[in-house]
Amino acid sequence: MVSDVRTTIQELKELVAAFARERDWDQFHSPKNLSMALAVEAAELMELFQWKTEQQSWQVTSDPDLSHRVSEELADITYFALNLCNRLNIDLASTFMAKLEQNAAKYPADRVRGKAAKYTDYP
Ligand SMILES: [Mg+2]
């Protein structure tokens, strides 16, 4: 059974590659098109929360239909992110960890705890 606990990023990347290959869609999957498709899917996710208050946006946890739609948009975003990684030979796990370390240096926990400002705004 597929789950976050049991499935690797590499396995998902291989499923994405096979899905596109079986449909002869790689010809359409330039970095430009994939980055745009990713942004469109991110906008579809945002649309689900558009005009809701902060409080209402939390109701996704108690609304099965909305929760399902949010999950599907996140899956669409992931599909295009992994597809772009495939096309550009990006190792997502190592890149993710490097970026997390960069952000940890930009936002030292003892300096930014409980604050939402951008790193350039800290003295
Ligand atoms: Mg979508």
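Residue numbers start at 1 and run along the sequence shown. For ligands, and for the atoms within them, numbers begin at 1 and follow the listed sequence.
Atom CZ in R23 sits 10.0 Å away from atom NE2 in H29 (nearest 0.5 Å). Separation of atoms CG (L48) and CD (E72) is listed at 10.0 Å; rounding is to 0.5 Å.
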N/O donor to acceptor pairs below 3.5 angstrom from side-chain atoms of residues 105-119, sequence neighbours left out:
unit_1, atom_1, unit_2, atom_2, d
Y107, OH, Y119, N, 3.1
R111, NH2, P123, O, 2.6
K115, NZ, R111, O, 3.2

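Nearby protein atoms of type N, O or S around the Mg ion (ligand 1) amount to 4 (distance under 2.8 Å).
Of the listed residues (L84, L38, V16), just one forms a side-chain contact (heavy atoms from CB on, under 4.5 Å) with Y79, and that residue is V16.
More than 12 heavy atoms of other residues, nucleotides or ligands shown are found within 6.0 angstrom of CD on Q27.
Within the cation-pi definition used here (under 6.0 Å to the ring centroid, within 45° of the axis), R21 does not qualify as a partner of F19.
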